[in-house]
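Keep in mind that the numbers below use all heavy atoms, side chains included, and drop hydrogens, waters and symmetry copies.
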Amino acid sequence: MERMLNLPNVLTLSRIAAIPLVVGCFWLERGWAQWLSSILFMAACVTDWFDGYFARRYHQISRFGRFLDPIADKLLVAAALVMMVNSGTLRGIHVLAALIILAREILVSGLREFLAELRVGLPVSQLAKWKTGTQMVAIAVLLLGDAVPLVVTNIGLVLIWLASLLTLITGYDYLRTGLRRL
């Protein structure tokens, strides 16, 4: 029986535990709390890299970790995007970028689940890793909100649109690959 509470899985669980802290800090008084929200979000994002690294390095890859890791990532991103839409940080046409990202995550999750029943894997592409990195940086910048100059927020908006473009491309690639397996 595999050990569920190894270091990689604890890091993944910490990413989920960080979500209420990220959200709570975002809604506190402006300024330092927004910085803390962004820093907590970035720290949670870094655990995504470390949990994979430690799992591979120390041969601690587990079914539990394979199951929980993508869920933790999607929960963190979805919570941040929904929160920023609700607060108005992402509004107007920029809500579309958040919707594209969320829709792709749901589509790819469903596709992976379906293909798993057929015993077909859908490995993460290099472009999808770039998408994730861009998305994480964009969200971290946007979490700063009015605690930073408008130019910084605009950089965050450009990055969220870049992430949504990469999201469309990688989503299409995964869908095309998945449909070929049917």
Side-chain angles (χ1 to χ4, degrees), residues 11-12 14-16 18-23 25-27 34-53 66 68-113 115 122-179:
L11 289 171
T12 299
S14 75
R15 194 157 55 257
I16 294 171
I19 294 168
L21 299 172
V22 169
V23 172
C25 288
F26 183 81
W27 290 109
Q34 287 175 296
W35 280 96
L36 186 55
S37 179
S38 181
I39 290 167
L40 288 168
F41 179 84
M42 288 185 290
C45 292
V46 169
T47 68
D48 187 30
W49 184 84
F50 277 110
D51 68 17
Y53 172 78
R66 282 184 152 148
L68 197 59
D69 183 66
I71 291 172
D73 298 343
K74 286 162 184 46
L75 287 173
L76 181 65
V77 168
L81 289 173
V82 168
M83 179 178 64
M84 289 189 296
V85 167
N86 181 264
S87 72
T89 301
L90 288 174
R91 62 181 172 273
I93 191 71
H94 303 300
V95 172
L96 182 59
L99 286 173
I100 289 169
I101 291 168
L102 290 174
R104 183 262 191 200
E105 296 303 337
I106 293 167
L107 172 77
V108 171
S109 293
L111 183 60
R112 284 182 195 274
E113 185 175 330
L115 291 175
L122 192 60
V124 177
S125 70
Q126 191 60 42
L127 190 58
K129 291 180 181 184
W130 279 98
K131 180 268 313 172
T132 299
T134 304
Q135 180 178 285
M136 298 300 191
V137 171
I139 292 171
V141 169
L142 290 169
L143 284 172
L144 295 171
D146 58 9
V148 294
L150 185 58
V151 68
V152 175
T153 302
N154 288 337
I155 291 170
L157 292 173
V158 167
L159 288 174
I160 202 76
W161 278 104
L162 178 58
S164 68
L165 175 64
L166 293 173
T167 293
L168 286 171
I169 294 168
T170 59
Y172 173 75
D173 284 345
Y174 284 139
L175 185 59
R176 192 181 70 221
T177 300
L179 290 176

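Leu165 contributes atom CG, which lies 12.5 Å from atom CD1 of Ile160 (distance to the nearest 0.5 angstrom). For the atom pair Phe41 CZ and Met83 CE, the distance stands at 8.5 Å (nearest 0.5 Å). In this structure, the separation between OG1 on Thr12 and CD1 on Ile71 is 10.5 Å, given to the nearest 0.5 Å.
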- Task: Using the side chain to side chain contact (heavy atoms under 4.5 Å, CB included) rule, take Trp161 and Ile93 through it: C-alpha gap first, then chi angles, then the decisive distance, then the call.
- Result: CA-CA 10 Å; Trp161 278 104; Ile93 191 71; 4.1 Å; yes
- Hey, mind stepping through Gln135 and Ile101 against side chain to side chain contact (heavy atoms under 4.5 Å, CB included) and telling me if it holds? CA-CA 9 Å; Gln135 180 178 285; Ile101 291 168; 3.3 Å; yes
- Task: In sequence, state the C-alpha distance, the side-chain angles, and the governing distance for Leu157 and Leu90, and then conclude on side chain to side chain contact (heavy atoms under 4.5 Å, CB included).
- Result: CA-CA 8 Å; Leu157 292 173; Leu90 288 174; 3.7 Å; yes
- Task: Start with the C-alpha gap between Asp69 and Arg15, add the side-chain angles, then the distance that decides, and say whether side chain to side chain contact (heavy atoms under 4.5 Å, CB included) holds.
- Result: CA-CA 9 Å; Asp69 183 66; Arg15 194 157 55 257; 2.5 Å; yes
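Of all heavy-atom pairs spanning Gly171 and Leu107, the tightest one is O-CD2, 4.4 Å. Residues Ala79 and Val23 come closest through the heavy atom pair CB-CG2, 4.4 Å. When every heavy atom of Ala138 is checked against every heavy atom of Gly156, the shortest pair comes out as CB-O, 3.8 Å. Looking at every heavy atom in both residues, Ser38 comes nearest to Leu144 through CB-CD2, 3.6 Å. Here the shortest heavy-atom pairing between Leu40 and Cys25 reads CD1-SG, 3.9 Å. Closest non-hydrogen pair, Ala72 versus Ile16, comes out as CB-CG1, 3.6 Å.
Within 6.0 Å of CH2 on Trp35 lie no more than 12 heavy atoms contributed by other residues, nucleotides or ligands. Remark: Arg176 CZ is packed, more than 12 non-hydrogen atoms of other residues, nucleotides or ligands lying under 6.0 Å away.
Looking at Asp173 and Ser125, their side chains never come closer than 4.5 Å, going by heavy atoms from C-beta outward. Val152 has its side chain within reach of Pro149: a pair of non-hydrogen atoms, C-beta onward, lies under 4.5 Å apart. Side-chain contact between Val148 and Gln34 is absent, with no heavy atoms from C-beta onward closer than 4.5 Å. Residues Leu75 and Ile19 are in side-chain contact: their nearest non-hydrogen atoms beyond the backbone lie under 4.5 Å apart. Leu11 is not listed as a side-chain neighbour of Asp48, based on a closest heavy-atom distance of 4.5 Å or more. Taking the side chain as every heavy atom from C-beta outward, Thr153 and Leu142 approach each other to under 4.5 Å. For the pair Ser37/Trp27, no side-chain contact is recorded, criterion being any heavy-atom separation below 4.5 Å from C-beta on. Side-chain contact between Met84 and Ile139 is present, with at least one heavy-atom pair separated by less than 4.5 Å.
The closest donor-acceptor contact from the side chain of Thr134 to the backbone of Leu159 lies at 3.5 Å or more, if one exists at all.
By the 30° and 60° cut-offs, the orientation of the rings of Phe50 relative to Tyr53 is perpendicular.
Annotation: cation-pi pair Arg104/Tyr174 absent, no NZ/CZ under 6.0 Å from the ring centroid and within 45° of its normal.
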